[in-house]
Amino acid sequence: MKDRAERARSATASFSKGGRKLALRASAASRFLTFVLRHRPDAIGVELDRAGWIEVDTLLAGCRAHGRALSRAELDEIVATSPKRRFTLSDDGRRIRAAQGHSVDVDLGYEPATPPEVLYHGTADRFLDSIRAQGLIKGSRHHVHLSERLETAEAVGRRHGRLAVLRVRSGDMHRAGVPFYKTPNGVWLTDSVQTEYLIFPN
Ligand code: HQG
């Protein structure tokens, strides 16, 4: 599994080689922005507010000062084309934040929402014994991430190894009083999932 530091290193590497296709540059920039806005704003000497927002101008200045210059137009393009819509711009377009996935301490302020009866979680089969014992835990992120679409869960799980998809009885959890949140990019978040609410693959 590629850890975050490794992903960030590869983002930095593709940045510095230069001369690559624009798409490659945009994807490296997107990974780098993800790294900064979720995990390491300090890497470019900036801070996020409590809700994870930063002024776009401040972000771009930090990127520039750390050798990763990016124009406003490039940033807008990344936000608009990010396949998972990872970034959210404020309504006035002056601030930006990552939609989810933070490890830095932020409160995204999403309103609790009613999930569908079943959500999916893709993982690797080597984690199943541990998940059977502990349920789903959030690890270094702020929440466990769940999806409505099986295909999304499959893609998420394959990142970790041999795919295993769990079904989560989210309707029952919700009726039992467990809060769920939905991000603007359609990811469902919850604090943890106890084993009794998990349906394991055969
Ligand atoms: C596993 C991507 C052992 C969990 C996706 C997962 C997602 C356990 C891994 C978002 C466990 C954590 C999040 C337990 C959970 N024992 N392993 N008790 N409980 N795990 O990357 O859900 O590309 O932090 O199954 O689209 O894979 O970042 O979480 O395999 O929405 O925009 O521990 O990341 O979005 O891995 O992915 P991650 P995730 P982005």
Side-chain angles (χ1 to χ4, degrees), residues 1-4 7 30 33-35 37-39 41 48-54 79-80 82-91 95-202:
M1 171 172 84
K2 266 195 171 186
D3 65 14
R4 294 197 180 106
R7 274 185 245 154
S30 174
L33 289 176
T34 301
F35 169 69
L37 293 175
R38 288 179 179 176
H39 311 300
L48 311 179
D49 75 8
R50 273 301 298 147
W53 296 102
I54 183 171
V79 172
S82 164
K84 292 183 184 169
R85 290 183 293 143
R86 292 190 172 100
F87 311 104
T88 310
L89 279 173
S90 60
D91 289 341
R95 295 179 304 149
I96 186 169
R97 72 176 178 180
Q100 92 287 329
H102 298 76
S103 59
V104 291
D105 182 23
V106 293
D107 177 1
L108 298 171
Y110 295 138
E111 293 297 322
T114 303
E117 279 305 307
V118 172
L119 289 169
Y120 297 98
H121 179 85
T123 189
D125 64 357
R126 69 179 185 284
F127 297 149
L128 289 179
D129 285 346
S130 168
I131 294 171
R132 276 195 186 90
Q134 287 186 299
L136 289 175
I137 55 171
K138 54 194 175 184
S140 64
R141 302 198 191 238
H142 287 222
H143 299 94
V144 168
H145 290 224
L146 305 170
S147 60
E148 279 175 41
R149 295 182 60 235
L150 178 60
E151 294 79 6
T152 307
E154 288 172 345
V156 171
R158 282 199 191 95
R159 290 150 59 242
H160 295 289
R162 200 147 45 128
L163 175 67
V165 175
L166 305 176
R167 283 187 292 153
V168 175
R169 294 194 295 115
S170 38
D172 288 338
M173 286 176 71
H174 182 253
R175 284 185 288 277
V178 178
F180 281 80
Y181 308 90
K182 191 179 186 182
T183 71
N185 56 336
V187 178
W188 283 91
L189 306 173
T190 194
D191 190 60
S192 61
V193 181
Q194 292 174 13
T195 317
E196 62 184 290
Y197 293 115
L198 289 172
I199 301 165
F200 287 85
N202 295 322

Problem - Heavy-atom check, side chain of Tyr181 versus side chain of Thr190, under 4.5 Å - result: no

Handout entry: Worked verdict on Leu108 versus His102 for side chain to side chain contact (heavy atoms under 4.5 Å, CB included)
Key = CA-CA 9 Å; Leu108 298 171; His102 298 76; 3.4 Å; yes

Exercise for the section: Kindly indicate whether the side chain of Ile199, heavy atoms from C-beta on, has any atom under 4.5 Å from the side chain of Arg169. Expected result: yes

Handout entry: Pairing residues for Pro83 by the side chain to side chain contact (heavy atoms under 4.5 Å, CB included) criterion, not counting sequence neighbours
Key = none

Practice task
Identify the two heavy atoms, one from Arg86 and one from Thr34, that lie closest to each other, and give their separation to 0.1 Å.
Solution key: CD-OG1, 3.8 Å

Practice task
Compute both the distance and the angle, then confirm whether Arg167 meets the cation-pi test with Tyr120: under 6.0 Å from the six-membered ring centre, within 45 degrees of the axis.
Solution key: no

Exercise for the section: Carefully, step by step, assess Ser30 and Phe87 under the rule side chain to side chain contact (heavy atoms under 4.5 Å, CB included). Expected result: CA-CA 9 Å; Ser30 174; Phe87 311 104; 3.8 Å; yes

Completion exercise
For Ala164 and Leu128 the tightest heavy-atom approach is CB-CD1, 3.8 Å

Completion exercise
In short, Ser103 meets Ser140 closest at the heavy-atom pair CB-O, 3.5 Å

Exercise for the section: Would you confirm whether Arg50, through its side chain, and Asp105, through its main-chain N or O, come within 3.5 Å as a donor-acceptor pair? Expected result: yes

Exercise for the section: Indicate yes or no for a side-chain donor-acceptor contact from Arg85 to the backbone of Pro184 under 3.5 Å, with no hydrogens or angles considered. Expected result: yes

Under 3.5 Å donor-acceptor pairs involving side-chain atoms of residues 143-155, not counting sequence neighbours:
residue	atom	partner	partner atom	Å
Ser147	OG	Arg149	O	3.2
Ser147	OG	Ala153	N	3.4
Glu148	OE2	Lys182	NZ	3.3
Glu148	OE2	Trp188	NE1	2.6

Handout entry: Non-hydrogen atoms of Thr88 and Trp53 that approach each other most closely
Key = O-CZ3, 3.3 Å

Handout entry: Side chain to side chain, Asp191 and Val178, heavy atoms closer than 4.5 Å
Key = no

Practice task
Indicate yes or no for a side-chain donor-acceptor contact from Arg38 to the backbone of Gln100 under 3.5 Å, with no hydrogens or angles considered.
Solution key: yes

Problem - Side-chain (Arg159) to main-chain (Val156) donor-acceptor, under 3.5 angstrom - result: yes

Exercise for the section: Among residues two or more places apart or on two chains, list those pairs meeting salt bridge (charged side-chain N to carboxylate O under 4.0 Å, His left out) that have a residue in residues 108-122. Expected result: Glu117-Arg175

Fill in the blank from the handout: CZ (Arg97) and CG (Asp49) are apart, to the nearest 0.5 Å, by 8.5 Å

Exercise for the section: State the CD-OG distance between Gln194 and Ser192, to the nearest 0.5 angstrom. Expected result: 6.0 Å

Handout entry: Atom pair CG/OG1 of Leu166 and Thr123 - distance to nearest 0.5 Å
Key = 6.5 Å

Problem - Shortest non-hydrogen separation from Val104 to Leu48 and the atoms involved - result: CG2-CD1, 3.9 Å

Handout entry: Approximate separation, where rounding is to 0.5 Å, of Leu136 CG and Leu198 CG
Key = 5.0 Å

Exercise for the section: Would you name the heavy atoms of Gly135 and Thr195 that are closest together and state the gap between them? Expected result: N-OG1, 3.5 Å

Exercise for the section: Dump the intermediate steps for side chain to side chain contact (heavy atoms under 4.5 Å, CB included) on Phe180 and Leu119, then the final yes or no. Expected result: CA-CA 11 Å; Phe180 281 80; Leu119 289 169; 4.0 Å; yes

Exercise for the section: Measure from the side-chain N and O atoms of Asp107 to the backbone N and O of Ala51, and report whether any donor-acceptor pair falls under 3.5 Å. Expected result: no

Practice task
State, with a plain yes or no, whether a side-chain heavy atom of His174 is found less than 4.5 Å away from one of Thr114.
Solution key: yes

